[in-house]
Amino acid sequence: MKLRSTILISAAVAALTAFTAQAADTIKIAFIDPLSGPFAATGTSGYKQAQFAADMLINKKGGVIDGQMFEIVGFDNKISPKESLVQLKRAIGEGIHYIMQGNSSGVANALTDAVKKHNDRNPEDLVLFMNYSAVDPALTNEKCNFWHFRFDANANIKMNALTDVIAADDSIKKVYIIGQDYSFGKAVAAGAVKYLGEKRPDIEIVGNELHPIGKVKDFTPYATKIRASEADAIITGNWGADMVGLAKAIGDAGIDAPVYTYYAANDGITKTIGASGKDKIRLVHEGRVNPPPTDEYKAYHLAFKEKYPEADISQFRIANALVMLANAMNETKSTDPAKVAMALEGMEYTTIQGDKVVMRAEDHQLMQPISISVHTDENIVLDSDNSGYGLVTEKTISAADADIPPSGCNMERPAS
Amino acid sequence: MSEITKTASPVMARPLMKTLLPWIGFFILLLALPNIFSSNVGLYTMNLMGIFIIFALSYNMLLGQGGMLSFGHAVYFGLGGFMSVHFMNYIEDGDFTFPMYLIPIFGGLIGLVFGIIIGSFSTRRAGTVFAMISLGVGELMAASSLIFVAFFGGEEGVSGDRTTGPELAGINFGQDIHIYYLIAGWVFVTVALMYLFSRTPAGRMANAVRDNAERAEFVGYSQRKVRFVSFCASGFFAGIAGGLFALNFEIVTEENLNALTSGTVLLMAYIGGVGFFIGPIVGAVVFTLLQSILSNYTDIWQLYVGILFVLTVMYVPQGLTGIIMMHTAAWRMRQVGALVMPYLRIGIPALAMLTGIAAFLETIHHMRSSVEGDTAMSLMGIEFNSHSIVAWIVILALIVVGGYLTRSQLPQLRDAWETANKPPAQREGGGS
Amino acid sequence: MLELIFFSLLNGIVTGLLLFMLASGLTLIFSMMGVLNFAHASFYMLGAYFAYTISIYLGFWVGLIVAPILVGLMGAVVERYGLRYVHRWGHVAELIFTFGLAFLIEEVVQFIWGKDTKAYHEPEILQFPLFTFFGQNFPAYKAFMLLISIGIFIMLLLILTRSRVGLIIQAAIHKPNMTAMLGHNVPLVFMGVFGVGCALAGLAGVIAGPALGTFPGMAFVLGSIVFVIVVVGGLGSLTGAFVASLLIGLLQTFAIALDYSVNDLLQIFNISFDADSAFRDLWTLSLPQIAPILPYLLLILILIFRPTGLFGNRET
């Protein structure tokens with residue numbers, strides 16, 4: 001009893017002093033992602049990248065507008081949609097107007113819905129949602145809303161690029177699709193079936209399987225099944241612990257079919273795959289690592305590695321999202337989410353990797369070049385997990401998103 | 001757990017006014033609270049509290065009043081939530097018209113239906129068999145919820161919008177404050193109903209079956225039927241709590257019916273005290289405060305909750321309410337005043353010791369979890385270096401000196417306690 | 001198909017025997033004290049974490065020996081100073097105590113080791129494919145797990161049926177008071193069995209950590225499955241626990257391996273269904289999808305229709 005009240009009182013005092021000291025000159029951005037549980041590695045890595053990007057690319061350059069600084073505040077959502085809404089309420093309660101989230105499209109679907117409801121009911125207290133990694137196509141299609149901006153390419157755009165590569169490989173006759181059982185995994189599977197059917201109708205899909213997300217501890221039975229299906233290639237959208245487990249089981253079972261993935265790198269995954277996946281694992285992603293696209297990016301990456309030797313820049317889009325937000329604030333000289341959102345629509349920006357990106361106004365999907373990279377230890381300048389292995393970009397498609405126009409997005413814009 | 005009998009003192013003997021007074025006070029408190037804690041966080045916390053109060057009380061109908069230890073009570077809570085959120089969506093789609101504020105009734109009904117189905121086989125026995133079946137049913141439901149996507153929505157759960165449907169006096173429940181009053185209304189009604197249930201013959205027989213099933217059978221009651229009735233009622237109220245959850249958060253997910261939620265409700269009821277009607281209320285209030293306020297300031301709040309829970313189970317099985325109720329005897333004899341000084345004398349060093357222990361845990365946590373080289377930390381408004389020797393000396397001194405002084409004050413507290421609890425006649429003669 | 005069956009069988013047996021290491025201790029503790037030890041899987045987790053820390057400094061093999069002993073000692077301490085103290089408040093309090101302990105251990109593990117998955121790996125010398133069958137490897141480490149678990153099973157069986165200590169334990173299970181009258185120190189036997197049961201769980205953690213991952217939720221994942229085994233097998237029955245462990249292990253791997261759905265079944269009878277109906281999930285359910293719920297379904301059915309379990313001779 002007493003322990004609690006002491007902590008409560010003292011914590012309240014501490015929080016008050018801290019609050020009054022900081023409230024004046026910072027713009028807080030809530031980073032709502034899993035900081036504990038099976039996907040903590042991915043979430044905390046993103047949190048570090050966000051803090052680093054805010055520091056290096058915004059605060060060290062003088063902040064936004066008249067010197068206001070970005071402060072990234074972490075909120076642990078334990079990858080649960082419900083907990084995310086709880087954290088959203090907390091963030092709003094603390095006077096935060098900008099939220100960032102990426103891990104799990106399930107969470108993003110809940111958040112975008114909640115943000116929309118909140119903004120409809122509280123027009124004087126608006127919130128803007130920057131989605132840096134949840135790639136369920138629905139988020140910018142039928143579920144799109146004005147307050148949601150996606151800085152990653154959606155699952156269909158990526159699958160379109162990925163199936164180009166698969167289609168070009170004549171030795172592939174049988175494909176096995178495995179993914180996590182939620183909106184994103186389903187979107188990947190649907191995309192793969194659709195695009196493979198269009199590009200290579202002769203390819204047989206020998207397995208199309210969904211497993212519970214974050215709950216499978218031993219992927220051996222799945223690997224056995226994949227092996228027994230005699231697939232020539234595997235497509236998976238798995239990420240976090242699910243990718244680590246799947247990669248380990250595939251390696252242990254001695255399956256040497258190529259694996260086409262979305263997220264099989266960094267956060268311990270590259271290290272787990274190691275030599276067993278060399279030249280076998282391919283990744284579709286935005287941003288490039290090897291060869292480093294620009295000197296500026298290389299310096300940024302190395303500075304990050306110096307501060308966080310154990311982490312990697314696995315989600316460069318986080319930096320893009322923050323800089324674009326800062327640019328929108330500078331442009332409008334305002335931190336009002338409504339004005340900032342208007343400025344973000346159609347905004348063009350050249351990333352420090354030298355890529356030109358545009359925020360498509362119709363559906364708030366960022367248009368950006370997509371790369372296909374291979375997991376290898378040759379020609380690696382910037383490795384992942386300090387393992388000597390890393391990603392070398394084989395192919396970059398500059399307008400993969402042009403083929404995939406927005407569909408079914410009826411955005412209600414606030415009257416202004 | 002004989003304490004229950006204390007709360008079960010005959011109602012009829014008391015004057016009506018005295019019976020109604022706590023309820024009037026409760027009503028006024030519910031009305032007044034949002035004026036005191038009007039911030040967003042305050043409202044959010046109180047809304048959650050209200051939901052958990054109903055949920056914990058419904059749980060105590062099983063554990064405290066019926067002697068059934070359930071590890072799967074979240075099933076009825078979760079199903080109530082899912083049912084309600086589906087009805088919210090039907091209302092939004094215009095499939096039928098129904099006032100949104102009565103939605104929790106649907107939650108309660110499905111809780112009741114599942115209570116009848118599951119209770120029909122699980123209440124045959126109490127004790128470990130009941131606990132195991134409840135665990136099995138809980139896990140089964142949680143696992144099924146990820147499979148039957150049409151009803152449970154899979155990982156994402158089901159979302160709804162509470163602002164549609166016929167309004168009540170122009171209020172569409174968009175704001176948290178409206179939802180607060182809605183929840184408060186439901187809390188008042190359901191708490192009263194649950195209290196009345198514990199006064200009905202069914203409620204009384206539940207106590208009897210809990211204490212001695214064999215004797216209850218001799219009186220002519222089937223223990224199974226008695227348990228079954230409590231079980232169904234408990235499912236009904238848990239479902240209502242689930243419905244309120246759906247209204248408040250506008251989303252219901254698999255977590256609402258998984259083992260974690262079942263564990264949470266057990267924790268709340270037990271910390272509060274299962275032997276008293278108001279025990280779970282106290283537990284729900286304390287737990288929600290810990291969860292929503294303490295978690296803002298420390299990452300390791302669950303560690304504190306865990307320690308608190310285990311200590312409660314080991315040393316204070318009657319819960320926090322039990323500690324308060326221990327003072328009723330002294331209160332009646334107007335001797336509580338005599339305990340204030342002894343409490344202060346032991347409280348201050350004990351506080352120092354607990355502060356020291358908390359600071360110890362926090363500092364270690366900071367050393368382990370912060371970035372390399374970041375040694376500055378702040379605790380209770382004090383900024384210090386977590387790697388400095390001075391900090392460690394202060395922390396250790398707090399623990400050791402506080403611990404020693406606490407120990408040295410124990411005898412005087414024990415004496416004072418005995419004095420305060422002695423009948424007046426004896427006190428004049430004896431006492432030290 | 002043959003390789004699928006062969007490997008599923010092997011994997012199922014590995015999983016099953018691993019589960020048995022947990023279940024054997026739990027069933028003994030359960031039948032002796034009547035306490036369902038919710039924290040049993042937490043000791044399994046502690047085993048993995050201790051072994052992880054030891055393996056950093058002294059290597060995997062030292063961890064294999066030392067970690068279970070440490071966990072066993074902790075178990076004994078918990079019995080002596082926790083459970084025995086709480087016993088005075090009755091059975092329900094004991095249950096709740098172990099439940100709280102499980103909660104607390106998870107928090108303490110997170111406090112000490114952090115919330116992320118630990119890089120606890122199998123030793124280098126076991127990182128090779130033992131044999132290849134139809135082009136699929138069977139890792140040597142799995143064989144090692146198999147070997148250890150079989151060894152433990154035989155050892156337990158011998159101790160319980162052939163040694164004096166085993167006789168006393170069996171006596172203490174069935175008639176604790178009578179055993180005490182005969183001059184045996186029953187509380188000590190309880191403490192010893194609790195400690196050894198926890199050590200077994202710890203050992204399971206040590207060898208499962210590298211294969212299934214070492215993370216704070218690992219106890220929770222396995223915990224309820226182990227209860228299922230103990231109840232399905234029958235209380236106090238080691239044979240029952242063994243059979244149930246294998247049953248659950250095989251059930252889980254085969255359910256994933258075999259892709260049959262209700263739809264296939266319906267098609268045999270030429271029944272089709274409406275793809276948009278509210279019950280669509282029911283018709284499209286496939287065996288891999290319902291794999292997670294099968295053990296619990298089994299548990300409930302057993303509790304309703306045969307509360308003594310498959311091999312037990314008394315009710316809970």
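By convention in this document, chain letters (A, B, ...) are assigned in the order of the sequence lines, proteins followed by strands, and residues within each chain are numbered from 1. Basis for what follows: all heavy atoms, side chains included, without hydrogens, waters or symmetry-related copies.
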Can you give me the closest heavy-atom contact between [X] and [Y], atom names plus distance?
{"X": "Trp89(C)", "Y": "Tyr315(B)", "answer": "CZ2-O, 4.5 Å"}
{"X": "Tyr270(B)", "Y": "Ala93(C)", "answer": "OH-CB, 3.9 Å"}
{"X": "Leu95(C)", "Y": "Ala131(B)", "answer": "CD1-CB, 4.4 Å"}
{"X": "Met314(B)", "Y": "Tyr85(C)", "answer": "O-CE2, 3.1 Å"}
{"X": "Ile147(B)", "Y": "Ile290(C)", "answer": "CD1-CA, 3.9 Å"}
{"X": "Leu266(B)", "Y": "Ile96(C)", "answer": "CD1-CD1, 4.0 Å"}

Exercise. Any chance CZ of Arg306(C) has more than 12 other-residue heavy atoms, nucleotides or ligands included, within less than 6.0 Å?
Worked result: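 Counting other residues, nucleotides and ligands, CZ of Arg306(C) exceeds 12 neighbours.
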Problem set entry | Leu69(B) portion near chain C, given a 4.5 angstrom heavy-atom threshold |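 For Leu69(B), the contact with chain C is made by the side chain alone.
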Exercise. Which answer fits Leu146(B), side chain, backbone, both or neither, if we ask what part of it has an atom under 4.5 Å from a heavy atom of chain C?
Worked result: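 Neither part.
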Contact between [X] and [Y] at the side-chain level, heavy atoms closer than 4.5 Å - yes or no?
{"X": "Leu135(B)", "Y": "Phe38(C)", "answer": "yes"}
{"X": "Leu299(C)", "Y": "Leu140(B)", "answer": "no"}
{"X": "Ile300(C)", "Y": "Phe121(B)", "answer": "yes"}
{"X": "Gln110(C)", "Y": "Ile300(B)", "answer": "no"}

Exercise. Which bit of Tyr81(C) comes within less than 4.5 Å of chain B, counting heavy atoms only: side chain, backbone, both or neither?
Worked result: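 Just the backbone, heavy atoms under 4.5 Å.
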Exercise. Between Leu36(C) and chain B, which part of the residue has a heavy atom less than 4.5 Å away: side chain, backbone, both or neither?
Worked result: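 Only the side chain of Leu36(C) comes within 4.5 Å of chain B.
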Exercise. Could you walk me through whether Ile225(C) and Glu139(B) pass the side-chain contact (heavy atoms from CB on, under 4.5 Å) check?
Worked result: CA-CA 10 Å; Ile225(C) 291 282; Glu139(B) 292 287 340; over 6 Å; no
When rounded to the nearest 0.5 angstrom, what is the spacing between [atom1] in [X] and [atom2] in [Y]?
{"X": "Ile302(C)", "Y": "Met132(B)", "atom1": "CD1", "atom2": "CE", "value": "12.0 Å"}
{"X": "Gln302(B)", "Y": "Phe103(C)", "atom1": "CD", "atom2": "CZ", "value": "5.0 Å"}
{"X": "Ser145(B)", "Y": "Ile293(C)", "atom1": "OG", "atom2": "CD1", "value": "10.5 Å"}

Exercise. Do you know which of Val108(C), Ile112(C), Ile105(C) has the most heavy-atom pairs under 4.5 Å to chain B?
Worked result: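 Most heavy-atom pairs within the cutoff with chain B belong to Ile112(C).
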Problem set entry | Choice from Phe97(C), Phe99(C), Phe227(C) maximising heavy atom contacts with chain B below 4.5 Å |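 Between Phe97(C), Phe99(C), Phe227(C), the count favours Phe99(C).
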Exercise. Should the ring pair His365(B) and Phe111(C) be called parallel, tilted or perpendicular, given that the plane angle runs from 0 to 90° and is split at 30 and 60?
Worked result: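 Plane angle under 30°, so parallel.
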